[in-house]
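A note on names: the letters A, B, ... follow the listed sequences, proteins ahead of strands, and every chain is numbered from 1.
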There are 2 protein chains.
Amino acid sequence: MMDLPPINRVLHGDCLEILPALPPNSVDLVFADPPYNLQLRGELWRPELSRVVGVDHEWDRFSSLTEYDDFTRKWLSECQRCLKDSGTLWVIGSYHNIFRIGAIMQELGFWILNDVIWIKHNPLPNLRGTRFCNAHETLIWAKKSDNDKKYTFHYQALKAGNDDRQMRSDWYFPICSGGERQTRNGRTAHPTQKPEGLLRRIINATSNPGDVILDPFCGTGTTAAVAKSLNRSYITMDKDEGYVGLAEKRLAAVSPALLNEPMSLIESRRPKVPFIHLVETGAVPPGTILRLKSKELVEATVHGDATISAKGHRGSIHKVGALCLGTPTCNGWINWYYTDQISRESKLLDCLRSLPSNETKPNNSAFD
Amino acid sequence: MMDLPPINRVLHGDCLEILPALPPNSVDLVFADPPYNLQLRGELWRPELSRVVGVDHEWDRFSSLTEYDDFTRKWLSECQRCLKDSGTLWVIGSYHNIFRIGAIMQELGFWILNDVIWIKHNPLPNLRGTRFCNAHETLIWAKKSDNDKKYTFHYQALKAGNDDRQMRSDWYFPICSGGERQTRNGRTAHPTQKPEGLLRRIINATSNPGDVILDPFCGTGTTAAVAKSLNRSYITMDKDEGYVGLAEKRLAAVSPALLNEPMSLIESRRPKVPFIHLVETGAVPPGTILRLKSKELVEATVHGDATISAKGHRGSIHKVGALCLGTPTCNGWINWYYTDQISRESKLLDCLRSLPSNETKPNNSAFD
DNA sequence: TCTGCAAGTGAATCCGTAT
DNA sequence: AATACGGATTCACTTGCAG
């Protein structure tokens, strides 16, 4: 057991060996981005015949679910021991691993406070059209245990920074790219580097300056870099010596913020409501007739799948609009009119898009 | 074991007793909204499954977790048995129970296809200001097993309804309210009634008209009501006789949509012209030289049997393209160029198939 | 200096039918 | 059941270079 925790250094080694040597009840906040156990099979190619570089690294390979669970239980258990009673822990994962992590956390006695969804504006698309595009990752935020100790949560500051509305569990950040993305020999250094904005929100929201933050899976050192810039201390480690060196170099270039410097917090916007939403919520039920903004009268019928059909064409409001108008492109939102059922007025579809969704509810059950 | 499944009725009883009597391999789609407030051993479970009730904290935590796990394993296992090999299952939950459900699903051999986040426009705020506002719920979509049977997924229709962009894993629906909310004696009948729009998307996206949909936790009957309105059959049940009556009444008022084509219509594009057709009709006569879209010049000769040859390879436009490019796969239509005999321009083979739908890509900037 | 086009890329459990 | 093979499949963003 170490007498003093190894603060503000990047340790080289396996967290399962280093964590047991840390003193108990000494850490204020844990952020962990463990291997996801992706289990990729074949190669994946983009339609234009470039290959997707998947995560098929040694550190993400486990022989079985059981082996992954054992690994998870060990590092979570050690983090729990290191946490102060008032401390909290964040973990991030995807559907491959997050259910196992959450279940084990509950078994270890962690007290879940929230799950938070990081929604990516620019995820990798589903290239084969076989599933929904995987556009998010899940974070779990939990107390060390169901104790009475108060945990750090800057509710008011978060609210003030969020247009005076309380911060919700859906967070919007673009994936890490551009200058923030760490490189080695001109190539992406780590396949799963997390955006600094995400860490900035986590650390600002759930810790205080001077706190000790533990990240057992250092990678490119995002947690440590943001912690340092926000005047927190960090304890971090990685099995891969290359990442240790990279993180050390990155950290050397980070200077702590002087005061409450305004943080550049890059956020992406929430996606706009697609046409299918209006159909599903009953604002534009199947069978609705739309009219095109054109010289000749063109009428289209809305179908249950939110496609429309007119003049023998079927597809999206945009495609069918373009085909009917004979133009290469068409923004269906500002070219199709519907009849408002109350005022009997003809209105642009786009008007329905800006309505709060609770005003677009049907009063009848199901579709007739 | 029943000879005929009890289609389109609301059964009264515990799903753990009714499900075992259903025939195996008979259900196309399962939607389950399992409870986490359970009355077991005379003890009302709290939303937090790991709530410590008694003196022996460890024992109580594990006792309540394992009881919930046993319950979960049983109903999931029965649903899995009832599912066709091509069938898929949806479950919805919150951080209180979704991690246990997901972990058990993986242990039972379900193959997760996506986790999907239902983001609520109007969630209940966190009234005490102690956590992030819980503004979402998590859905898991999974195949019965890791088999090679094709599951139903209407990719193209979803894309068409989503402004011509593939549907993502973040879904936006307001919570159920207004006329859709079921009441009993003027009060909310069920605390967690799901919005019909959510079920509409699930059922439209992952089933076909005529399919059998199983919901082991009927509640107010949202799944059954939407299934009926979309011309699907349903099997559903509830322990609570009050809910059975309520759901029956609700269902009696639902009429199947008249206008309801299968979503797959949009996917059954007009049959495309095979390459041999172009050779036979003289559009690409034997002897034509094709050039590959690649850095080095690769030329191929078209033969009378619609094979091509280049660099010692002979076969389809796809196979030879892949061999010349060194890629595992290649869509020859969009990688081989021919010279238009009139304009003398180099054009993609795909142009000869002339698909109007390809010419009307929306201009994304028009939607911002 | 500015604009436009081409190329590159990101935690991915990613084909379907006929023989 | 296993294999063969035709051909279907991507979104938002950044960087770099040409003009």
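Judged by distance alone, with hydrogens and angles left aside, B:R353 brings no side-chain donor or acceptor close enough to the base of D:dG7 to form a pair under 3.5 Å. No hydrogens or angles were tested; on distance alone, nothing pairs the side chain of A:R181 with the base of D:dT15 as donor and acceptor under 3.5 Å. Between the side chain of A:S94 and the base of C:dA12 there is no donor-acceptor pair of N/O atoms closer than 3.5 Å. Side-chain atoms of A:T192 stay outside donor-acceptor range of the base of C:dG10, with no qualifying N/O pair under 3.5 Å.
Rounded to a whole angstrom, the distance from the P atom of C:dT9 to that of D:dT9 is 25 Å. Taking atom C1' in both D:dT10 and C:dG8, the straight-line distance is 14 Å, to the nearest Å.
If you take CG of B:N114 and P of C:dA11, they are 17 Å apart, rounded to a whole angstrom. Per the geometry, CG belonging to A:N126 stands 8 Å off C1' belonging to C:dA12, to the nearest Å. C:dG10 atom P lies 15 Å from atom CH2 of A:W45, rounded to whole Å.
The side chain of B:W111 has C:dT13 as its nearest neighbour among C:dT13, D:dT9, C:dC15. Distance from the side chain of A:Y95 is smallest to C:dA12 among D:dT9, C:dA12, D:dA12. Listed nucleotides D:dA12, C:dA12, D:dA8 differ in distance to A:H96; the shortest reach to its side chain belongs to C:dA12. Here the nucleotide nearest the side chain of A:L127, chosen from D:dG7, D:dT10, C:dA11, is D:dT10. Residue A:P47 has its side chain nearest to D:dT9 when only C:dA11, D:dT9, C:dG10 are considered. With D:dC11, C:dC15, C:dG10 as the choices, the nucleotide that has an atom nearest any side-chain atom of A:I175 turns out to be C:dG10. Here the nucleotide nearest the side chain of A:H121, chosen from C:dG10, C:dT9, D:dC13, is D:dC13.
In this structure C:dT13 sits in the syn conformation; its chi angle is within 90° of 0.
With a 3.5 Å ceiling on both atom-pair distances, the Watson-Crick or G-U wobble partner of C:dT19 is D:dA2.
Ring centers of B:W171 and A:F132: under 6.0 Å apart, within the cut-off.
The number of heavy atoms from other shown groups lying within 6.0 Å of NZ (B:K150) is above 12.
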